[in-house]
Amino acid sequence: MPNSHVTEETPQSPTTVDEPGHADAEREERGERNELAARLARAEDLHRRALADLDNLRKRTAGEVERRVQASRESQLREWLEALDSVERALAMTPEGPVQAGLRSVLEQMDAILVRNDVRRVGEPGERFDPERHEAVAVRESEEVPDRTVVDVARSGFAVGDHVLRPAQVVVSRRPEPEA
């Protein structure tokens, strides 16, 4: 075999810890891993915070939408109450006859719509005066009923659940002052 020279590769021995270059490379690699682990931890923390912020935003938005829907609903119901008041005034001014019967029918339909919307009347004679539910438009001296009792309703009030849409305008009793 002319000029064929076979070289034998000698296996290189694995780098040992004693070699200075290997220790530096291992420290550098460990440092990179630590830095990557810290960056990953920060990214995971930011991700958790972003999810929490998104959840809070959804809750706030849902609450705001609910408040706006409720405010719009109450506004429409108050306008409906104005129409109902007009029908009640027309009934009070109309003599008995077919027109009054027709107005009563319309009023019954309007009341049924309010009931379907969970709206109920507040302010009945005999109730104890409550400034949250009643607006006193007059005071009448009376010995027949207890002091601060509703004796007459000038305009009905309405509530949805415990929330008063419009307080009732009422006449309230007051005990007569003792004569001196």
Side-chain angles (χ1 to χ4, degrees), residues 17 21-92 102-139 146-174:
V17 177
H22 179 67
D24 289 342
E26 193 173 293
R27 264 194 307 267
E28 190 176 307
E29 188 177 308
R30 206 176 315 127
E32 286 178 15
R33 275 196 308 260
N34 288 341
E35 182 184 333
L36 287 174
R39 288 176 61 193
L40 177 61
R42 283 192 301 272
E44 286 174 341
D45 183 54
L46 288 173
H47 181 254
R48 280 191 300 276
R49 289 173 188 250
L51 288 176
D53 287 346
L54 179 61
D55 189 46
N56 290 337
L57 176 64
R58 283 182 183 143
K59 289 175 184 174
R60 278 194 314 273
T61 302
E64 181 63 25
V65 166
E66 180 62 31
R67 281 188 293 280
R68 287 183 182 199
V69 166
Q70 187 64 27
S72 175
R73 179 176 184 255
E74 288 180 9
S75 175
Q76 290 176 342
L77 286 171
R78 282 188 192 93
E79 289 179 17
W80 185 256
L81 296 179
E82 291 175 18
L84 184 118
D85 290 341
S86 296
V87 172
E88 286 179 338
R89 282 191 299 274
L91 261 171
L103 286 173
R104 282 190 201 284
S105 177
V106 170
L107 185 60
E108 286 173 10
Q109 287 178 326
M110 294 176 88
D111 281 335
I113 290 169
L114 290 173
V115 167
R116 283 195 302 271
N117 283 277
D118 298 322
V119 178
R120 62 180 170 76
R121 287 182 186 260
V122 295
E124 296 291 326
E127 290 181 351
R128 178 102 174 119
F129 177 76
D130 177 358
E132 295 290 321
R133 300 167 23 131
H134 304 116
E135 177 185 338
V137 294
V139 175
D147 198 38
R148 297 180 51 91
T149 300
V150 174
V151 291
D152 195 16
V153 178
R155 183 184 77 180
S156 292
F158 293 88
V160 176
D162 291 337
H163 178 70
V164 176
L165 286 173
R166 180 179 84 183
Q169 292 181 339
V170 297
V171 178
V172 182
S173 68
R174 179 174 59 195

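Please read these numbers as outputs of a predicted model, since none were measured by experiment.
Within a 6.0 Å radius of CZ in R39, other residues, nucleotides and ligands contribute 12 heavy atoms or fewer. Applying the 6.0 Å contact sphere to NE2 of H47 captures no more than 12 heavy atoms from other residues, nucleotides or ligands.
Under a 4.0 Å N-O distance rule, the pair R68/E64 qualifies as a salt bridge. A salt bridge is absent between R78 and E82; no separation between the charged side-chain nitrogens and carboxylate oxygens falls under 4.0 Å. A salt bridge does not link R58 with D55: every distance from a Lys NZ or Arg NE/NH1/NH2 to an Asp or Glu carboxylate oxygen is 4.0 Å or more. The pair D53-R49 does not meet the salt-bridge criterion, since no charged nitrogen lies less than 4.0 angstrom from a carboxylate oxygen.
Among pairs with a residue in residues 114-137, those fulfilling ring-ring contact (aromatic ring centres under 6.0 Å, His included) read F129-H134, at least two apart in sequence or across chains.
A side-chain contact (heavy atoms from CB on, under 4.5 Å) with D152 is found for one member of V170, V171, V172 and no other, namely V171. Exactly one residue among Q109, M110, R104 makes a side-chain contact (heavy atoms from CB on, under 4.5 Å) with V87. That residue is M110.
In this structure, CD on E127 lies 13.5 Å from CZ on R148, to the nearest 0.5 angstrom. The distance from the CD atom of E32 to the CG atom of N34 is 10.5 Å, given to the nearest 0.5 Å. Between D130 atom CG and E135 atom CD the span is 13.0 Å, to the nearest 0.5 Å. One distance of note links CG of L114 with CG of L165; it measures 9.0 Å at 0.5 Å rounding. Distance check, rounded to the nearest 0.5 Å: OG of S156 to CZ of R166 gives 7.0 Å. The distance from atom OG of S75 to atom CZ of R73, rounded to the nearest 0.5 Å, is 12.0 Å.
With contacts defined as side-chain heavy-atom distances shorter than 4.5 Å, the pair L107/D111 qualifies. Proximity of V65 to V69: side-chain heavy atoms (C-beta onward) are separated by under 4.5 Å at one or more points. The shortest distance between side-chain heavy atoms of P125 and V151 does not fall below 4.5 Å. The side-chain heavy atoms of V150 and E124, taken from C-beta on, include no pair separated by under 4.5 Å.
The nearest pair of heavy atoms linking V122 to A159 is CG1-CB, 3.9 Å. Listed here is the closest heavy atom pair of V164 and R133: CG2-CG, 4.0 Å.
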(message) For L77 and F158: C-alpha separation, side-chain torsions, deciding distance, then whether side chain to side chain contact (heavy atoms under 4.5 Å, CB included) applies.
(response) CA-CA 10 Å; L77 286 171; F158 293 88; over 6 Å; no
(message) Run R60 and L57 through side chain to side chain contact (heavy atoms under 4.5 Å, CB included) and show every step you take.
(response) CA-CA 5 Å; R60 278 194 314 273; L57 176 64; 3.8 Å; yes
(message) With salt bridge (charged side-chain N to carboxylate O under 4.0 Å, His left out) as the criterion, how do K59 and E66 come out once you've worked through the C-alpha distance, each side chain's angles and the decisive distance to 0.1 Å?
(response) CA-CA 11 Å; K59 289 175 184 174; E66 180 62 31; over 6 Å; no
